[in-house]
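Below, chain A is the first sequence line, B the second, and so on; all start at residue 1.
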Amino acid sequence: MGELAADKHVKYIISVEKKKDSFESVVMEHLRLNGAYWGLTTLDILGKLDAVDEEDVISWILKCQDESGGFAGNIGHDPHVLYTLSAVQVLALFDKLDILDADKVSNYVAGLQNGDGSFSGDIWGEVDTRFSYIAICCLSILQRLDKINVDKAVEYIVSCKNLDGGFGCTPGGESHSGQIFCCVGALAIAGALHHVDKDLLGWWLCERQVKSGGLNGRPEKLPDVCYSWWVLSSLIMIDRVHWINKDKLVKFILDCQDMENGGISDRPDDAVDVFHTYFGVAGLSLLEYPGLKPIDPAYALPVDVVNRIFFSKK
Amino acid sequence: MESDEGDEQQQEAERLPLSQRPEWSDVTPIPQDDGPNPVVPIAYKPEFSETMSYFRAVYYSDERSSRSFQLTKEAICLNPGNYTVWHFRRQIIETLHTDLQDELAFVGRIAKSNSKNYQLWHHRRWVAEKLGTGAVNKELQFTKKMLSLDAKNYHAWSYRQWVLQALGGWEDELDYCQILLGEDIFNNSAWNQRYFVVTRSPLLGGLIAMRDSEVNFTIEAILGNPENESPWRYLRGLYKDDTESWINDPRISSVCLKVLSTKSNYVFALSTLLDLICHGFRPSEEFREAINALNTPDSGPLDSDLGRAICRVLECVDPLRCNYWLWRKSKLPLTVSSQ
């Protein structure tokens, strides 16, 4: 089995945008704040966060903030919870949460809760359990969960539970590993994991492992490195991770590395990108791969960062 | 008025820079501010940079005009993921009251090559919501078309469920699920939709009324492909909140026995039988014989306790999940013997 090409991945992340062809650059423009979160969290897990200029990152992030309190994917774009969480997470990585007006940001997020407990992504009202997770995670990091109706939020998530123990994007939506991460993560943060049928969901999640060792997101779909994060973190949160074959999964992720130029792809021999590089490295961290900082399965931040948020004396 | 199909590609091919178009001569473009020494510097394509610079100019001045409307189309064709452009397009539609049927047609063309784009589906829903129940057939047809390209497209399914619940059109939905499952019985999305229809359609009478015929359909699907995870889970879902009926319905235990007797692809049959036993099902001697027949050199002599014997077989035939089956074994009640 190959090893983790940690140094190459660091180099890849730092140079990532320069090397991209124009189509991908165009696609990245509006979600640059997500890209920053993926890249910087990966660097931190690899112990190399100091490879970037902290002040440049932070001054750019602050410019992405809208007067509503929410953050946009880039300067001058519209705010959305997707980018608001990324902004809060990146500031947490740098221990700079105190430069935020936490009430202002959390008022923006809390204002997106609907009467049935669900959350919209922005003022246009798209509803999805992804946004429930984002809102709950973001408000928890800002220590402002009291601004929303947590019971209602939990009730909505539970209404998206399916016969297989999994969760979908809205009530009746098909179970999907990405949505399951969001729902289980939100319930974990809200202290409501007792609503999860852990044994049934755990079995469904471990059925996602295929012969190659990789995990898929739904039955009969191809394995993809991103599910090393979505499935694995969910299994850890419900304490069932020992039900999959960890060695085979480690091998699958390592087989998806570009050993020459760094970066990780969705499947062996595909083109790498920063998104899958993050999920591969974060997945290996959850699998306790040597040399990596442990990552928290619910907050998707290194454990030392999460501890600093909740246990530091200030 | 929106232009017809093919026009977008034509425009792309013969694109005249905005700076050379007379109708844009009064606008000063505003370039993207990527901040100082960007951490993730982006090398933008000139055509993209120019379009977005003009977009920023009209967006910041809130110019809701037909040229802005046209410009959002160009920007969306260059990057359909940019949600700010979609937002502004909606604001323009509201101000200018542009034709909503044309808008559906535009979204349909963009969807052809961007079927997994969140903004597009959300935008379409916004338009359909404005059109109301009159849009039902068109929207069901649209998702059908998208699902014919990828029968597991999560966005398309999610949108279709919204159409049914918000606008109606349940009449043919069970038949539609039937057709899709006929094309691919392994399509978990279609099984999920079937459960959605059976449990939520206002026309079918609900889960309990539908159970009998659904069990027969599912059993047939299982016997055709016993390795198919979806119908096994669906079968259990048909007895939601009614474990007693599930254990006592002879069709459930007998489909397990039938699959076990074939001695191939029996993991889900064993797993279902194990669940039945754990919930109080008392297996007959036939089940014991069928399981004994699965004994392999790896498994060694099988335990006299049927639950333990099943777990042992599963550990051997499903080694990837052997820890799960070991755990199931550890959770078994102390003695479960066959009658």
Side-chain angles (χ1 to χ4, degrees), chain A residues 16-18 20 22-23 25-32 35-36 39-40 52-53 56-57 59-60 63 72-78 80 121-126 128 162-164 168-170 172-176 202-204 206-207 209-211 213 218-221 240 242-245 248, chain B residues 30 32-45 48 52 56 59-60 78-79 81-88 90 118 121-122 125-126 152 154 157-158 161-162 165 186-189 192-193 195-196 199-200 228-230 233-234 236-237 240 271 319-324 327 331:
Chain A
V16 66
E17 299 304 332
K18 291 174 194 159
K20 288 210 159 184
S22 52
F23 174 71
S25 309
V26 166
V27 169
M28 278 295 284
E29 188 233 19
H30 66 282
L31 48 75
R32 218 165 143 234
L40 295 168
V52 295
D53 188 308
D56 283 352
V57 179
S59 68
W60 168 69
K63 283 191 175 182
N74 206 340
I75 300 171
H77 293 228
D78 287 339
H80 195 287
D122 63 11
I123 55 163
W124 291 96
E126 185 187 3
D128 189 317
N162 288 319
L163 60 91
D164 50 26
C169 61
T170 46
E174 185 185 3
S175 293
H176 180 290
W203 179 45
W204 189 87
C206 76
E207 281 291 335
Q209 189 163 34
V210 300
K211 278 205 178 102
R218 289 184 272 166
E220 299 294 323
K221 298 280 280 184
R240 300 290 184 276
H242 51 289
W243 287 356
I244 60 155
N245 186 318
K248 284 199 153 193
Chain B
I30 304 173
Q32 173 70 42
D33 177 2
D34 277 341
N37 308 313
V39 225
V40 271
I42 299 175
Y44 301 118
K45 203 153 81 164
F48 174 76
M52 291 312 294
R56 273 182 287 275
Y59 176 64
Y60 293 154
L78 288 167
N79 177 16
N82 189 316
Y83 59 105
T84 300
V85 179
W86 286 103
H87 290 184
F88 190 49
R90 285 192 283 276
Y118 281 102
W121 288 100
H122 179 57
R125 173 169 160 174
W126 180 83
K152 297 176 186 176
Y154 200 84
W157 279 115
S158 176
Q161 292 192 343
W162 171 79
Q165 288 182 311
F186 289 87
N187 182 347
N188 193 61
S189 306
N192 184 72
Q193 185 72 353
Y195 197 74
F196 178 82
T199 53
R200 293 173 196 250
N228 186 358
E229 177 178 347
S230 306
R233 295 195 189 272
Y234 185 81
R236 182 69 183 93
K240 186 178 184 289
S271 153
L320 212 50
R321 279 163 281 276
C322 69
N323 284 339
Y324 172 70
W327 174 83
K331 286 286 181 189

**Prompt:** Based on non-hydrogen pairs under 4.5 Å, which of A:His80, A:Arg218, A:Lys248 is most in contact with chain B?
**Reply:** A:Arg218
**Request:** Report yes or no: does A:His176 contribute a side-chain atom to a donor-acceptor pair with the main-chain N or O of A:Cys169 at less than 3.5 Å?
**Result:** no
**Request:** Grab the two heavy atoms, one from B:Ser158 and one from A:Thr170, that are nearest each other, plus how far apart they are.
**Result:** OG-OG1, 4.4 Å
**Message:** If you count heavy-atom pairs within less than 4.5 Å of chain A, which of B:Trp86, B:Trp126, B:Tyr59 leads?
**Reply:** B:Tyr59
**Request:** Heavy-atom distances under 4.5 Å only: say whether B:Tyr195 touches chain A with side chain, backbone, both or neither.
**Result:** side chain
**Asked** What part of B:Thr199 is in contact with chain A, defined as an atom under 4.5 angstrom from a non-hydrogen atom: side chain, backbone, both or neither?
**Response** neither
**Item:** Side-chain heavy atoms of B:Lys240 within contact of A:Leu163, under 4.5 Å
**Value:** no
**Asked** So which of B:Asn228, B:Ile30, B:Val85, B:Asn82 has the biggest tally of heavy-atom pairs under 4.5 Å with chain A?
**Response** B:Asn82
**Prompt:** Does any heavy atom of chain A fall under 4.5 Å from the side chain of B:Arg200, the backbone, both, or neither of them?
**Reply:** side chain
**Prompt:** Backbone N or O of A:Gly76 within a donor-acceptor pair of the B:Tyr60 side chain at under 3.5 Å?
**Reply:** yes
**Message:** I'd like to check the side-chain contact (heavy atoms from CB on, under 4.5 Å) partners of B:His87; sequence neighbours left out, ordered by chain and number.
**Reply:** A:Asp78, A:Asp122, A:Trp124, B:Tyr83, B:Arg90
**Asked** Picking from B:Phe186, B:Tyr154, B:Trp157, which has the most non-hydrogen pairs under 4.5 angstrom with chain A?
**Response** B:Tyr154
**Asked** For B:Lys152, is it the side chain, the backbone, both, or neither that has a heavy atom closer than 4.5 Å to a heavy atom of chain A?
**Response** both
**Message:** Is B:Arg321 in contact with chain A via its backbone, its side chain, both, or neither, using a 4.5 Å heavy-atom distance?
**Reply:** both
**B:Gln161: side-chain contact (heavy atoms from CB on, under 4.5 Å) partners, not counting sequence neighbours** = B:Asn192, B:Gln193, B:Phe196
**Asked** Does the side chain of A:Glu220 reach to within under 4.5 Å of the side chain of B:Asn187, using non-hydrogen atoms?
**Response** no
**Item:** Proximal component of B:Trp121, with respect to chain A [non-hydrogen, under 4.5 Å]
**Value:** neither
